[in-house]
Amino acid sequence: MYTQSMDTDPETRNPVAKVSAVGRPEEQRFQATVDAEGKIEPRDWMPEAYRKTLLRQISQHAHSEIIGMFPEGNWISRAPSLKRKAILIAKVQDEAGHGLYLYSAAETLGQSRDEMMAALHSGRAKYSSIFNYPTLTWADVGMIGWLVDGAAIMNQIPLCRCSYGPYARAMIRVCKEESFHQRQGFDIMLSLSKGTADQKAMAQESLDRWWWPVLAMFGPPDADSVHSGQSAQWKIKRVSNDELRQKFIDATVPQAELLGLRIPDEKLKWNTQTGHYDFGPIDWDDFWRVVNGEGPCNKERLAARVKAYEEGQWVRDAAMAYAVKRKARQHKEAA
Ligand SMILES: [Fe+2]
Ligand SMILES: [Fe+2]
């Protein structure tokens, strides 16, 4: 997962700066390629603001994938059966893979992985705020698959047609794997909802905690979303935050009904006129609090990430030493 359409970079907030190159021949060629549904590749000319927007979005997405491993990884040793454990290990491993494809895609825009890691570890770079909530019960693992990965799929399917080639291609594979993640989550929820009264209560309690943060994952309302207009023109973002959120709610309510779970929203109601569900107000203050570092697990997640990075230094050193040796051997053989 998990791009989140939030705007935390003051550098690209100025709409005038975003279109500085309009009218130049290379800018016209670039926009004509985008308009014709062509792909922009790493060696092509691109506006600086396009490169920066993509770099921020893709790296934020990559960070979300690897931070997203923590809440679920927390349950690998406590999965209720060997089968669930094997599935969860595979799922968490997929998320590491998503991080790798996305860091590679981001590197093609001119920033090294070390720089991206430094930005994450210092707290300068953001990741999806959904991972700053704790996984208190086994039902939360089901909820992450069903709702968080489900929301990610909604968000990411349009990204498979993103104008930037490396990102679009990475998203195709990611989406296939996310669809497996969503199914495994729903399958956990199905087992719990068919289980004992305690298991069903555990599933309901988990839904009560996750529902609203998941709706916030789609990012601020369109009216407050600074980047959307420009990102749409560049065909980075094709569907707005509010449209994606509505699509997600419309798809998820019948699934909750099938599970026999109650969505914690008194205002949730089918609207025959619009053909969509109406829903209650989202607590954006809570969302921004979590984005800005005050969520229940922000500090814990970052500390775990930094520790893992530091403890893995010997692996990176060994890989580099091997690469140097191999190169020297090849030179010797060639001489
Ligand atoms: Fe993922
Ligand atoms: Fe996933």
Side-chain angles (χ1 to χ4, degrees), residues 1-6 54 56-76 79 84-107 113 116-117 120 125-135 138-162 166-190 206 210-211 213-219 237 244 247-248 251-252 255 297 301 304-305 308:
M1 59 151 330
Y2 307 85
T3 51
Q4 182 169 267
S5 308
M6 59 191 181
L54 274 167
R56 189 187 62 247
Q57 179 169 333
I58 303 173
S59 60
Q60 208 165 274
H61 192 165
H63 298 327
S64 303
E65 299 284 354
I66 59 164
I67 295 282
M69 295 163 73
F70 289 120
E72 289 178 295
N74 188 30
W75 279 89
I76 289 174
R84 293 287 185 204
K85 192 192 291 264
I87 294 171
L88 187 57
I89 289 171
K91 197 259 187 198
V92 172
Q93 187 174 288
D94 281 354
E95 305 299 5
H98 297 173
L100 294 181
Y101 317 149
L102 288 162
Y103 283 124
S104 299
E107 279 179 312
R113 195 170 306 197
M116 287 185 260
M117 284 294 154
L120 173 64
K126 300 288 178 195
Y127 55 85
S128 180
S129 62
I130 197 72
F131 300 119
N132 290 317
Y133 291 88
T135 41
W138 172 249
D140 292 351
V141 175
M143 207 56 72
I144 289 181
W146 174 38
L147 296 186
V148 176
D149 288 304
I153 295 169
M154 285 290 171
N155 208 339
Q156 289 171 190
I157 283 179
L159 289 174
C160 296
R161 294 186 297 129
C162 166
Y167 194 28
R169 289 189 287 274
M171 277 300 102
I172 293 171
R173 178 157 176 190
V174 168
C175 281
K176 285 182 182 161
E177 292 176 352
E178 291 303 348
S179 121
F180 154 73
H181 299 172
Q182 197 267 354
R183 279 156 190 257
Q184 68 86 35
F186 190 77
D187 191 60
I188 291 174
M189 298 318 297
L190 203 57
S206 177
W210 287 91
W211 178 252
V214 167
L215 293 193
M217 265 178 75
F218 292 95
K237 186 172 177 65
L244 287 168
K247 223 173 155 197
F248 173 79
T252 309
Q255 295 169 5
C297 301
R301 300 286 183 245
R305 176 62 219 149

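In each ligand, atom 1 is the first atom listed, and ligand 1 is the first ligand listed. Both backbone and side-chain heavy atoms feed into the values below; hydrogens, waters and symmetry mates do not. Predicted model only: the values in this text are computed from it and were never measured.
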Open item on the list: Taking the side chain as everything from C-beta on, heavy atoms only, tell me whether L244 gets closer than 4.5 Å to K237.
Closed with: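 Yes, at least one pair of side-chain atoms sits under 4.5 Å.
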Open item on the list: With a cut-off of 2.8 Å, does D94 put an N/O/S atom close enough to the Fe ion (ligand 1)?
Closed with: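 False for D94.
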Open item on the list: Using 2.8 Å as the threshold, say whether any N, O or S atom from E178 sits that close to the Fe ion (ligand 1).
Closed with: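 E178 does place an N, O or S atom closer than 2.8 Å to the Fe ion (ligand 1).
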- [ ] Indicate the atoms forming the closest heavy-atom contact of W138 with L88, along with that distance.
- [x]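 So the two residues come closest at CZ3-CD2, 4.0 Å.
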TODO: Walk me through it: do R84 and D187 pass the test salt bridge (charged side-chain N to carboxylate O under 4.0 Å, His left out)?
DONE: CA-CA 10 Å; R84 293 287 185 204; D187 191 60; 3.0 Å; yes
Open item on the list: Please determine whether E177 has a backbone or side-chain N, O or S atom lying under 2.8 Å from the Fe ion (ligand 2).
Closed with: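 No, since none of the N, O or S atoms of E177 sits under 2.8 Å from the Fe ion (ligand 2).
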Open item on the list: Under a 3.5 Å threshold, yes or no: a donor from one side chain and an acceptor from the other, between H181 and E177?
Closed with: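 The criterion, which ignores hydrogens and geometry beyond distance, is not satisfied for E177 and H181.
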- [ ] Give a yes-or-no answer on whether the side chains of E95 and H98 include a donor-acceptor pair shorter than 3.5 Å.
- [x]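 E95 vs H98: donor-acceptor pair found between side chains.
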- [ ] Check E65 and report its N/O/S atom nearest to the Fe ion (ligand 1), by atom name.
- [x]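 Of the nitrogen, oxygen and sulfur atoms in E65, the Fe ion (ligand 1) lies nearest to OE1.
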- [ ] With the Fe ion (ligand 1) as the reference point, give the N/O/S atom of H98 that is nearest.
- [x]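 Result: ND1.
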Task: Name, closest N/O/S atom of E95 to the Fe ion (ligand 2) - done: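 For E95, the N/O/S atom sitting closest to the Fe ion (ligand 2) is OE2.
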- [ ] Report, rounded to 10°, the angle at the Fe ion (ligand 2) between the two atoms OD1 (D149) and ND1 (H181).
- [x]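 For OD1 of D149 and ND1 of H181, the angle centred on the Fe ion (ligand 2) reads 120°.
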Task: Distance, nearest 0.5 Å, that separates OH of Y103 from NE2 of H61 - done: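 Taking OH in Y103 and NE2 in H61, the distance rounds to 11.0 Å.
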